[in-house]
Structure formats: structure tokens, C-alpha cells
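Input: a single structure, listed below in C-alpha cells.
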Amino acid sequence: QVQLEGEKSAEFEATYKQWMDALDDVCYHGLPPKYYNFCKRMYENGDKIVEMYLHGYEDYEICSATACPSNFFDKE
């Protein structure tokens, strides 16, 4: 049990680092400053995003729960 928890923790930590590094790359080097506010919500929810990702949630579920506007995925 302890080893399994350690493996989960290591997986979370590695994934979290990859996520934050990728977010830094996109938000501070690939996007114009007007998008920083959108990135801020993703930074604030980084741990929740990674946790949901590791538990197999779909991209739209993760985005809806953390960073996307409430009507982002609604049909027109």
C-alpha cells in the first residue's frame, strides 16, 4: 500500500511539473498578454487539472471544471 501511494505521488509530481512547464511555455512565450487572465485560472487550478487528468477525465470535463467559461462548450 505504501509503495502504491508513493508511486501515485511520484506520478502526480512528475505530471504536475510537466503540466506547469508546458503552461509556462504556452502562456509566457506563445500567447499574447491579453490571454494571461485565462492562463491564471489554469495556474490556480493546476493540481486539480492534473488530478482529473490522471483519473481519466475528458479534456472538456477538465476545462469546464477549472478554467473554461461556463458556456464554452455549448452549441450555438
Side-chain angles (χ1 to χ4, degrees):
Q1 183 69 21
V2 173
Q3 183 180 2
L4 184 59
E5 289 298 320
E7 289 173 10
K8 286 183 180 179
S9 178
E11 180 182 25
F12 177 86
E13 289 177 27
T15 305
Y16 183 82
K17 182 181 181 336
Q18 290 173 341
W19 167 253
M20 294 309 249
D21 288 348
L23 203 54
D24 285 345
D25 241 11
V26 170
C27 290
Y28 294 113
H29 303 292
L31 292 175
K34 70 180 183 177
Y35 293 102
Y36 288 171
N37 192 43
F38 184 75
C39 288
K40 183 176 183 255
R41 287 182 280 181
M42 289 192 286
Y43 276 109
E44 290 170 350
N45 290 290
D47 55 342
K48 183 176 182 178
I49 291 169
V50 170
E51 194 67 36
M52 290 179 77
Y53 170 79
L54 291 174
H55 282 92
Y57 284 81
E58 296 292 330
D59 294 345
Y60 76 90
E61 293 173 307
I62 296 170
C63 190
S64 294
T66 59
C68 293
S70 60
N71 61 349
F72 191 76
F73 292 101
D74 292 348
K75 293 181 179 179
E76 294 182 21

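When a residue number appears, it is its place in the shown sequence, counting from 1.
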Exercise. Who passes side-chain hydrogen bond (donor to acceptor under 3.5 Å, both in side chains) against His29, sequence neighbours left out?
Worked result: none
Could you pull out every donor-acceptor pair under 3.5 Å between side chains of residues 37-46 and any protein atom, sequence neighbours left out?
from	atom 1	to	atom 2	distance (Å)
Lys40	NZ	Glu44	OE2	3.0
Arg41	NH1	Ala67	O	3.2
Tyr43	OH	Asp24	N	3.2
Tyr43	OH	Asp24	OD1	2.3
Asn45	ND2	Arg41	O	2.8
Asn45	ND2	Thr66	O	3.1

Can you list, pair by pair, the side-chain donor-acceptor contacts under 3.5 Å of residues 54-63, counting residues two or more places apart and other chains?
from	atom 1	to	atom 2	distance (Å)
His55	ND1	Glu51	O	2.8
His55	ND1	Glu51	OE2	3.3
Glu61	OE1	Glu58	N	2.7

Got a list of side-chain donor-acceptor pairs under 3.5 Å for residues 13-20, not counting sequence neighbours?
from	atom 1	to	atom 2	distance (Å)
Glu13	OE2	Ser9	OG	3.3
Thr15	OG1	Glu11	O	2.8
Lys17	NZ	Asp21	OD2	2.7

For this session: Report the residues that fulfil ring-ring contact (aromatic ring centres under 6.0 Å, His included) with Tyr36, sequence neighbours left out, ordered by chain and then residue number.
Result: Tyr28
